[in-house]
Amino acid sequence: MADFKENAKAMATSTLPREFDISYSTTLEEVYEKLNARAAAFQMPFEIKGGIAGQRIAFVKEPDLDIAIWLYVKDGSHIKIVPNLQQSQTSVNGIRVDKNSVLRRGVKGAYVDIHVERGAYADKVTDTVKKILNGEEVEDYVAPAAPVSAAPEAVDGVSNRSWKTTFWLSFFLGYLGVHRYYVGKIGTGILYNLTFGLFGIGSLVDFIKICCGKFTDKQGNVIEKKKKQ
């Protein structure tokens, strides 16, 4: 129940509109000119759009978060920023395999962390817009450097993928290729899904390899059974 509440709260927060007032009257075009003069401060590009959703400044969808930002000007001085979820879900036989699926991000990552990241992104855009419209200095956006992970993809050719997880996915769902999705082999995972594990032969071979510690991830790193895992 606690996890459900946490997820619901994170989801709601990530998509709620952000609103604030400025001390002068302006137009959408004037706001666009001011933001465009400091376009380097934003993570994603933007442009003025119309259509059914109304005239707005639309920020391009952030690809890793599947969320776009729409900015409206109301009554000349009221700024409304609306996070717009544009999530593309890919599934095979009912199993999600897209980048934000449980298989790719893990249970917590797929259901909670992604919403927290979306909310933080919307807050950052809102804060930057507010500062620019109030005449404050803002720094250019700098993409974060690739983190030095405490758990790298591989160490000495050994994958950081869990042997136990791979084993049980293969044992129960090998004929659907779910274990292959887990280790990053999406293409052959789909093939297994469509052919029931290459008619059972491929999934059996994979299971034997996993048991023998010879199964590899997408990068060719061996998935070994560790003593403490």
Side-chain angles (χ1 to χ4, degrees), residues 7-24 26-91 96-106 108-149 153 184 186:
N7 176 44
K9 181 180 179 181
M11 182 183 296
T13 301
S14 69
T15 55
L16 281 176
R18 276 72 170 161
E19 303 182 58
F20 63 89
D21 292 311
I22 53 179
S23 59
Y24 56 91
T26 188
T27 65
L28 187 72
E29 289 74 16
E30 290 173 342
V31 170
Y32 174 79
E33 291 299 326
K34 290 183 178 182
L35 300 186
N36 195 46
R38 289 295 298 119
F42 295 97
Q43 185 172 342
M44 303 303 299
F46 50 88
E47 62 181 331
I48 293 180
K49 287 189 175 182
I52 296 176
Q55 190 178 33
R56 63 200 184 279
I57 297 173
F59 288 75
V60 172
K61 179 179 73 172
E62 209 294 330
D64 291 330
L65 301 177
D66 288 330
I67 196 167
I69 299 291
W70 292 353
L71 185 154
Y72 297 89
V73 177
K74 303 291 184 180
D75 301 322
S77 60
H78 186 74
I79 308 299
K80 184 175 183 179
I81 294 177
V82 181
N84 185 263
L85 186 60
Q86 299 179 355
Q87 186 170 10
S88 299
Q89 295 187 7
T90 304
S91 62
R96 279 188 63 187
V97 297
D98 57 87
K99 65 179 179 295
N100 288 325
S101 68
V102 172
L103 287 173
R104 302 293 291 278
R105 295 178 66 94
K108 185 173 178 60
Y111 291 117
V112 179
D113 291 353
I114 184 64
H115 299 308
V116 172
E117 292 170 12
R118 287 169 178 160
Y121 172 64
D123 289 340
K124 177 61 177 177
V125 172
T126 302
D127 184 62
T128 301
V129 169
K130 188 173 184 179
K131 286 182 177 179
I132 291 174
L133 296 184
N134 286 331
E136 300 177 33
E137 292 292 327
V138 293
E139 298 181 354
D140 289 351
Y141 169 75
V142 178
V148 179
S149 177
E153 287 296 321
I186 305 302

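Taking NZ of Lys131 as the start and CD of Glu137 as the end, the distance is 10.5 Å to the nearest 0.5 Å. Here the OH-CG distance, from Tyr24 to Asn134, works out to 6.5 Å after rounding to the nearest 0.5 Å. For the atom pair Leu16 CG and Ile81 CD1, the distance stands at 13.5 Å (nearest 0.5 Å). The structure places CD of Glu136 at 10.5 Å from OG1 of Thr128, a figure rounded to the nearest 0.5 Å.
A heavy-atom distance below 4.5 Å is found between the side chains of Ile57 and Leu28. A heavy-atom distance below 4.5 Å is found between the side chains of Glu29 and Ile48.
Applying the salt bridge (charged side-chain N to carboxylate O under 4.0 Å, His left out) test to Lys80 and every residue at least two apart in sequence or in another chain returns nothing. Residues that satisfy the ring-ring contact (aromatic ring centres under 6.0 Å, His included) test with Phe46, not counting sequence neighbours, are Tyr32, Phe42, Phe59. Under the side-chain hydrogen bond (donor to acceptor under 3.5 Å, both in side chains) criterion, Thr26 pairs with Glu30, sequence neighbours left out. Taking the salt bridge (charged side-chain N to carboxylate O under 4.0 Å, His left out) definition, one finds that Asp21 meets it with nothing, sequence neighbours left out.
What you find for Ile67 and Pro83 is that their closest heavy atoms are CD1-CB, 3.6 Å. Taking all atoms of both residues into account, the shortest heavy-atom contact from Arg56 to Tyr72 is CD-OH, 3.4 Å. Of all heavy-atom pairs between Leu71 and Val129, the closest is CD1-CG1, 3.7 Å. Shown here for Leu133 and Ile22, the closest heavy-atom pair between the two residues is CB-CG2, 4.1 Å. The minimum heavy-atom distance linking Gly119 with Arg18 is given by the pair O-NH2, 3.3 Å. Between His78 and Glu19 the shortest heavy-atom distance is NE2-OE1, 2.5 Å.
Residues in residues 119-140 take part in no ring-ring contact (aromatic ring centres under 6.0 Å, His included) pair, two or more places apart or across chains. Screening residues 36-45 for side-chain hydrogen bond (donor to acceptor under 3.5 Å, both in side chains) gives Arg38-Asp140, Gln43-Glu62 as the qualifying pairs, with residues at least two apart or on separate chains.
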